[in-house]
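As the structure lists them, so they are numbered: ligands from 1, and atoms in each ligand from 1. Sequential numbering from 1 along the given sequence is applied to the chain's residues.
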Amino acid sequence: MKSKKTRLYISSPHMSGDEQKYIQEAFDQNWIAPLGPNVDAFESAIAGYCNVNHVAALSSGTASIHLALVLLGVQKEDEVLVSTFTFSASVNPIIYQGAKPVFIDSEPETWNMDPILLKQALEERKLNGKLQKVKAIIVVHLYGMPAKMDEIMEIASTYGIPVIEDAAEALGSQLNGKPLGSFGELGILSFNGNKIITTSGGGALLSNEKAYIEKARFLATQARDQAPHYQHSEIGYNYRMSNVLAGLGRGQMEVIDERVKKRRENFVFYWDIFKGIKGVSFQPEPEGFYSNRWLTTIIINPEVTGIQRLILQQKLEEENIETRPLWKPMHLQPVFKCYDAYLTGVSEALFNNGLCLPSGSNLDKEDRDRIKKALSMFFSFID
Ligand SMILES: *Cc1c(COP(=O)(O)O)cnc(C)c1O
């Protein structure tokens, strides 16, 4: 019987119902191309929602980060300071450019980039006369939680380093009422299948600087010069979003506020059932910080609870309930071991004890009851 239970995913696509209308429009107008009215409308919807002046819809979040680095002139042997507690896509584009990541560990209050370590890394480079090699800072808003942007932006401006916000997981999150993605010189979003809204695959680059986004559009469409023939003076990329997929994005943007509300309700559901349990804690949300709660994660102290998170993961898997450890920090990844890292131990400890729980906006009461029942095999919840 158990194997017949439908699988509960960590985060699965959740359509609004209007997506097909916009996709049909693309077909009716024969705009089956990496540009078109759906792309324009999707870009405006994002710009309005995130309160930025300019947006380019692109083929992925990773492509968006890559173009951001190209725009900031990141080249061979340069350095980019980046959160270590993230998904590898935040870092891979640094390597595409032949540059070197410098990993910055998390602080415990948001789990994101520690401003004190960031300052230390920059100050050391200044003293060694190597500050000019640092071309950018990539700050990640993990699981939707805003990083300490006020502190980070102030440090970045003191040392004159531009900031790229990796808001791939954080559409709909805010810091003191200001949308994430609008703090840095450039921001990026992802619309991959598991994100809060999806175009099946896609991303966006955000900025208040028109010149950046114009240049991004140029580079994303093979860097064609203005000429009657195909002429190129720069290396380009094929990174634009398809007009068909942007139709999905338009339909999804109509319900983004509902999706954020649902994800936050999931968090409250888990918080409520675990609140009496010693040794289980959650990602904090400090005053003024507003997370879309893309994923709800719990930290399980094995000494206090007597529960190993991997055993819990395995048992839930038998109930066809998907859970997953938190991101393994980049400084612990075999492929990135050789790079500089500034560490507090915070991200490693979170990785060792954390589990991401089913957090989709499409979970219903029956799903939640099933999850609670499965978890109650391990924890004695008080009703
Ligand atoms: C998903 C994700 C990305 C990459 O986005 P894609 O659209 O999958 O390329 C980058 N950074 C973070 C933190 C992500 O979670």
Within a distance under 4.0 Å of any heavy atom of [X], pick out the atoms of ligand 1 and give their elements.
X	answer
Ala168	2 (C), 3 (C), 10 (C), 11 (N), 12 (C), 14 (C)
Ser190	1 (C), 5 (O), 6 (P), 7 (O), 8 (O)
Gly202	7 (O)
Ser90	11 (N), 13 (C)
Phe87	2 (C), 3 (C), 14 (C)
Asn192	8 (O)

Geometry only, no angles: is [X] polar-contacting ligand 1 at N/O separations under 3.5 Å?
X	value
Gly61	yes
Trp327	no
Thr86	no
Trp294	no

Taking [atom] as the reference point, the nearest protein heavy atom with its distance:
atom	result
atom 2 (C) of ligand 1	Lys195 NZ, 2.8 Å
atom 11 (N) of ligand 1	Asp166 OD2, 2.8 Å
atom 9 (O) of ligand 1	Thr62 OG1, 2.5 Å

ask   = Among Ser59, Ala89, Ser60, which residue places a heavy atom closest to atom 4 (C) of ligand 1?
value =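 When every heavy atom of Ser59, Ala89, Ser60 is considered, Ala89 comes closest to atom 4 (C) of ligand 1.
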key: Shortest heavy-atom approach to atom 13 (C) of ligand 1 - which of His141, Glu169, His66   =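 Among His141, Glu169, His66, the closest heavy atom to atom 13 (C) of ligand 1 belongs to Glu169.
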Can we say [X] and [Y] salt-bridge, meaning some charged N sits less than 4.0 Å from an Asp/Glu carboxylate O?
X	Y	answer
Lys365	Asp369	yes
Lys133	Glu77	no
Arg240	Glu43	yes
Glu265	Lys261	yes

[X] NZ/CZ over [Y] ring centroid, <6.0 Å and within 45° of normal:
X	Y	value
Arg324	Phe351	no
Lys178	Phe183	yes
Arg293	Phe267	yes

query = Just checking, any donor-acceptor pair under 3.5 angstrom between side chains of Asp225 and Ser233?
reply =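 There is such a pair between these side chains.
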task = Return the set of residues passing side chain to side chain donor-acceptor pair (under 3.5 Å) with Gln308 (not counting sequence neighbours), or none when no residue passes.
result =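 Gln308 satisfies side chain to side chain donor-acceptor pair (under 3.5 Å) with no residue once adjacent residues are dropped.
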ask   = Less than 6.0 Å separating the ring centroids of Tyr237 and His66?
value =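 Centroid separation for Tyr237 and His66: below 6.0 Å.
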